[in-house]
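Note sheet for the following structure.
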Amino acid sequence: MEDNFYTTVSNHSIPATSSWVASTWKAASSPNVVLALVLGPFIIAAITRYLSSRPSPQVGEEKSAWKVPYWIPFIGHGFSFLWDPSKMLREAKEQSPNAIFALHMGGTTHNIVSEPDLVRSAMAQRESTLSSHDVVWNVIQKFFGFPSNSKAKYFANWDELNTTYKYMLREPYLGQMLNTTVRNMERHICSMVSFVDTDIDLQPWERYAEASYVSDTETSLDLMKLMRDVMGHASIPAMHGNAFLDKYPEVLHDIYELDKGMLYLIMGLPAWTPWSPVISAHNARRRLWEALDAQQVAMDAQAKGEDPGDGWGDMEDVSPFTRNRNEMYRDKGFAIRERGELPTTWALIINSSLIVYWQILYILDNPSLLAEIRSEIEPHITIHKPMSIGRISEAPRITIDPEGLTTCHVLKATYLESLRLSAQPWSVRTVGTDVTLKGDNSNSNYLVKKGEYVTMPHDLHMRDPAYFSDPAKFDHERFLVRDEEGKITGTDMKTIRPYGGGPSLCKGRVLAERECLALVAGVLAYWDFEPDEGTRFRIPKQLKTSAVARPDGDTRVKVRRRKFEWDE
């Protein structure tokens, strides 16, 4: 039969495919199906919420962790954790009737522990029971960008890698590195503010701190950015030598950008992710590897008796720590791209550079405390009268005695309280075999099972009112030790654990503490500060980072050089 476009097509001539689509659409658009599609997710979420909420069941003489209920299958608490982990943990702890509670994220169980007894019990377990290796490698590989095929080589040389830290943490090397850092501080403190109105004449840390000229004796700038860069310009050359920062002046800011993107990198978001913070973190990490790789190439050449290349000089000021790490890498056959200097360089900067900001800000906010500390540090800080020719005078020089500052108990107490309030370290372990974490009595023993995680957010404990009264308040007195007559005799860290998440306390904590005390004391002895606006310093809210919190905004201050006896 010939086709006739004007002939009405009968129903039975509709193609089978069209009939199936029509019938499917009709079925899918029925009220029952639509209702199921709308209500289904809510029903699933409600059932998940009900089933995920469980009390702590007794398991023999132990209990298992109370499970925090959640709504979304598999994802669990993932969204809440990414949005505001500190808030989520505090709220969960308030709901939990026990010393331990469990969160679900990505199909895995994290037993959250913050009570000191349980933390000590967890830290005392063998590596085969509660392991940090897989967690450490996950951070090394995803955050720092180590080649994934180098895992076996790293763990084969793990112990020897750790022995190199003696060149930074034991005498005479600790004293050498601290001395170099403090000498750098002394130079930078004197030239911290230039009092000029042309950007080209500013110091690099002034440009980063967005310095604004007020007068020949006063400048306005951002305190956090200023202190962060001054600390970095003192400590990076002490580890890597002066040529390193001269050749790669953006290293400090790349470390800051990398740290801001830590969560995105650990999540595995690629460099092409269309989101500026992710792209910035990837680019910063690439530039840091290029700089650190270049130094390793130069040190390899120097070890062979060859020219290390333009701009490196003789590298005699490179620390024994960095030199011995380079020697070990060469001996063990590590390729340039496998050498692990990014984590140590990141750790050198990211903690202490922010602590000094918080410590100085808390002290400035209490004028009587500031006066007490200036009096306490006076025997260990010397301001030298400058040379003058007519009306032209150089800036006064400063000498800092870091060893003497360790006896300044009020200063150290403000350091500990600043750590308590702003440090946010976590320790994470994978559970290799069922294990009991023992509390202070038999009623607080908890069983964690193989395949789960033990996660210890130490900031949760450091903000716990059960251990620290009025925990949101800055109160350095809580760490001071007094004798029967009320005289201050020392400090006591109590149960805070602000240093890192490794198997033991952070290896660089002694160096970090002495660096921070030296810079804070030197700055407060040499400079005066006042709020840029108003009569009180604003204590900003804190933003979560990998370690020490960042402020949620600028802290603009006006800076003047203090008046000394020869200025009268």
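Keep in mind the model is a prediction, meaning the values are calculated, not measured.
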Residues, nucleotides or ligands: over 12 heavy atoms within 6.0 Å of [X] [atom1]:
{"X": "Arg170", "atom1": "CZ", "value": "no"}
{"X": "Lys544", "atom1": "NZ", "value": "yes"}
{"X": "Tyr467", "atom1": "OH", "value": "yes"}

Heavy-atom check, side chain of [X] versus side chain of [Y], under 4.5 Å:
{"X": "Arg514", "Y": "Val510", "value": "yes"}
{"X": "Ser276", "Y": "Ile279", "value": "no"}
{"X": "His458", "Y": "Ser427", "value": "yes"}
{"X": "Leu421", "Y": "Tyr362", "value": "yes"}
{"X": "Met299", "Y": "Trp312", "value": "no"}
{"X": "Ile355", "Y": "Ser422", "value": "yes"}
{"X": "Gln302", "Y": "Arg323", "value": "yes"}
{"X": "Met123", "Y": "Arg120", "value": "no"}

Can a side-chain donor-acceptor contact be found between [Y] and [X] if the only test is distance below 3.5 angstrom?
{"X": "Gln176", "Y": "Tyr167", "value": "no"}
{"X": "Arg330", "Y": "Asn326", "value": "yes"}
{"X": "Tyr446", "Y": "Glu115", "value": "no"}
{"X": "Gln141", "Y": "Ser148", "value": "no"}
{"X": "Arg550", "Y": "Thr545", "value": "no"}

Any donor and acceptor pair, going by atom type alone, linking the side chain of [X] with main-chain N or O of [Y] inside 3.5 Å?
{"X": "Ser280", "Y": "Pro277", "result": "no"}
{"X": "Gln295", "Y": "His240", "result": "yes"}
{"X": "Thr181", "Y": "Met177", "result": "yes"}
{"X": "Arg497", "Y": "His461", "result": "no"}
{"X": "Thr273", "Y": "Trp275", "result": "no"}
{"X": "Arg420", "Y": "Met462", "result": "yes"}
{"X": "Tyr357", "Y": "Pro551", "result": "no"}
{"X": "Glu417", "Y": "Asp475", "result": "yes"}
{"X": "Gln296", "Y": "Leu292", "result": "no"}
{"X": "Tyr256", "Y": "Arg228", "result": "yes"}

(request) Please assess Lys449 against Thr109 for the test side-chain contact (heavy atoms from CB on, under 4.5 Å), listing each intermediate value before the final yes or no. (result) CA-CA 9 Å; Lys449 296 183 178 181; Thr109 298; over 6 Å; no
(request) Might you work through the side-chain contact (heavy atoms from CB on, under 4.5 Å) test for Leu480 and Thr491, ending with a clear yes or no? (result) CA-CA 5 Å; Leu480 289 173; Thr491 56; 4.2 Å; yes
(request) Starting from the C-alpha separation in whole Å, work towards a yes-or-no answer on salt bridge (Lys or Arg N to Asp or Glu O under 4.0 Å) for Asp293 and Arg286. (result) CA-CA 10 Å; Asp293 286 355; Arg286 173 182 51 78; over 6 Å; no
Nearest-0.5 Å distance that lies between atom [atom1] in [X] and atom [atom2] in [Y]:
{"X": "Leu252", "Y": "Ile349", "atom1": "CG", "atom2": "CD1", "result": "5.0 Å"}
{"X": "Trp426", "Y": "Met456", "atom1": "CH2", "atom2": "CE", "result": "11.0 Å"}
{"X": "Trp137", "Y": "Trp158", "atom1": "CH2", "atom2": "CH2", "result": "8.5 Å"}

(request) State which residue, out of Trp346, Phe144, Phe146, fulfils the ring-ring contact (aromatic ring centres under 6.0 Å, His included) condition with Trp289. (result) Phe146
(request) Walk me through it: do Arg183 and Asn179 pass the test side chain to side chain donor-acceptor pair (under 3.5 Å)? (result) CA-CA 6 Å; Arg183 299 294 83 81; Asn179 182 66; 2.3 Å; yes
(request) Kindly indicate whether a cation-pi arrangement holds for Lys153 with Phe334, taking the cut-offs as under 6.0 Å to the six-membered ring centre and within 45° of the axis. (result) yes
(message) If the threshold is 4.0 Å, N to carboxylate O, is there a salt bridge linking Glu257 and Arg285?
(response) no
(message) Determine whether Leu89 and Phe101 satisfy the following criterion, side-chain contact (heavy atoms from CB on, under 4.5 Å), listing intermediate values before the conclusion.
(response) CA-CA 10 Å; Leu89 292 173; Phe101 56 90; 4.3 Å; yes
(request) Locate the shortest heavy-atom distance separating Val428 from Val135; write the atom from each residue and the value. (result) O-CG2, 3.7 Å
(request) May I have the step-by-step check of side-chain contact (heavy atoms from CB on, under 4.5 Å) for Val278 and Trp272, ending in yes or no? (result) CA-CA 8 Å; Val278 180; Trp272 45 262; over 6 Å; no
